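Atoms within a ligand are numbered from 1 in the order they appear, just like the ligands themselves. Note that the structure is a prediction, hence the values are computed from the model and not measured.
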Amino acid sequence: MPINVTRSSMPSFEEYCEEIKELWDSRWLTNMGVKHRTLQAKLEEYLAVPHVTLYTNGHLALENAIAAMKLPEGGEVITTPFTFVSTTHAISRCGLVPVFCDINDVDYTMDVNKIEALINEKTCAIVPVHVYGNLCDVEAIQEIADKYGLKVIYDAAHAFGVTYKGISAAAFGDASMFSFHATKVFNTIEGGAVCYSDDDLISVLDAQKNFGLSGEECKYIAGNAKMSEFQAAMGICNLRHLPNEILKRKIAVERYRERFSGVDGIRLSAIQENIESNYAYFPVVFDGYKYTRDEVFEKLKAEDIIARKYFYPLTNGFECYEDWDSAGEDKTPVAKHIAYRVLTLPLFADLTIEDVDRICDIILK
Ligand SMILES: *Cc1c(COP(=O)(O)O)cnc(C)c1O
């Protein structure tokens, strides 16, 4: 059996069937039914935030969150190129201009010392990313946002269940987006959420994910981004097992760390202080190692072990952004350095210690 970079968490077949059984009686399959409302309430409790709005995927959650901030058309949004392309697309598709800030080389989140130099009269928001589940410097970012009157919308797709000094990652900024895609720590097959505390946003987000409709009125020009009952039911089941899934990931991560610690030319992401991690990914940076990142990738592939060059390339290096003023990987040298050297190794709850050891043996030999 090949080992993929990830493997989706699922409840037992029986547990899921039990959860969806009543849908055959109600025939209520989508449009904020009982499963949708139940999952929403459970997530508000688990993530410890006043409001959660659910979506059919994380990307549309992020687009809707940005759209709800009513930012000026053509406004500039400071973001990171070291992310999944969804982040950059969400900004652009809202009629805004992504401006790329470099990352730090300790935890690969936005370098907060480089944000202010990018701010001008057109800047209206910051969209940082909690990469690999590493939290951004949320305090420094909020300080800058307050000083210049900017909105902050976090792409927290990797940070489900992470806490900082006991505070939920969902609680920072004006809004945070989570992805519940099949490959994420917590999944609803496809799915996502926006978390926030501003009561006034509830009706805006609820309308925006449903064609802009609010009763018989249509207040916004918007699409369809509703989560279905079958997705919500998967989430209700997976949430029951989440603490145990995270614990199993932790055991695998600790083994990886043990095996790679002190190895020349192998750099691991820093363990962040005051952070309770969700062990979402295990990135390894090959910097001056006896083999390059690409050689390690091929060596693993030959053994049926699929790692991922993640994130690579940077989003400011994609063809669709090449005409944008701030594009170009060379403008974010730290992010470029990491993107060409990083590999995320297989990590999922059911990954065995024997498999971790086998992966490490191949890399170290
Ligand atoms: C997965 C992911 C997304 C997109 O979420 P989907 O649920 O797949 O639409 C956005 N940003 C980041 C950083 C992601 O990892």
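Remark: Lys184 fails to qualify as a cation-pi partner of Phe160 under the 6.0 Å distance and 45° angle criteria applied to the six-membered ring. In this structure, Arg293 satisfies the cation-pi test against Tyr312, with its NZ or CZ atom closer than 6.0 Å to the six-membered ring centre and inside 45 degrees of the ring normal.
Under a 4.0 Å heavy-atom criterion, Lys184 is in contact with ligand 1. Contact annotation: Gly191 has at least one heavy atom less than 4.0 Å from an atom of ligand 1. Ligand 1 is never approached by Phe178 to a heavy-atom distance shorter than 4.0 Å.
Inclusion of Thr83 in the set of residues having an N or O under 3.5 Å from an N or O of ligand 1 is not warranted. For ligand 1, none of its N or O atoms has an N or O atom of Val129 under 3.5 Å away.
Proximity of a side-chain donor or acceptor of His36 to a complementary backbone N or O of Glu229 within less than 3.5 Å is not detected. Checked by atom type and distance alone, the side chain of Arg249 pairs as donor or acceptor with a backbone atom of Ala280 at under 3.5 Å. Of the possible polar contacts, one joining the Asp102 side chain to the Val334 backbone as a donor-acceptor pair under 3.5 Å is found. For the pair Ser168 (side chain) and Leu47 (backbone), a donor-acceptor distance under 3.5 Å is present.
The atoms of ligand 1 that sit less than 4.0 Å from any heavy atom of Tyr310 are 15 (O). Of all atoms in ligand 1, listed by their number and element, those nearer than 4.0 Å to a heavy atom of Ala157 are 2 (C), 11 (N), 12 (C), 13 (C), 14 (C), 15 (O). Ligand 1 places these atoms under 4.0 Å from at least one heavy atom of Met177: 10 (C).
A side-chain donor from one of Ser92 and Tyr321 sits under 3.5 Å from a side-chain acceptor of the other.
Given atom 15 (O) of ligand 1, the protein heavy atom at minimum distance is His158 NE2, 2.9 Å. Taking atom 11 (N) of ligand 1 as the reference point, the nearest protein heavy-atom neighbour is Asp155 OD2, 2.7 Å. In terms of protein heavy-atom proximity, atom 4 (C) of ligand 1 is nearest to Ser86 OG, 3.6 Å. The closest protein non-hydrogen atom to atom 5 (O) of ligand 1 is Ser179 OG, 3.2 Å. In terms of protein heavy-atom proximity, atom 9 (O) of ligand 1 is closest to His59 N, 2.8 Å.
By the criterion of a heavy-atom distance under 4.0 Å, neither the backbone nor the side chain of Tyr55 is placed next to ligand 1. Residue contacts with ligand 1, taken as heavy atom pairs separated by less than 4.0 Å, do not involve Glu190 at all.
The ring of Phe84 has its center no closer than 6.0 angstrom to the ring center of His181.
Among the candidates Ile362, Val356, Ile363, the single residue satisfying the side-chain contact (heavy atoms from CB on, under 4.5 Å) test with Ile359 is Ile363.
Minimum heavy-atom separation, Val296 to Leu343: CG1-CD2, 3.9 Å.
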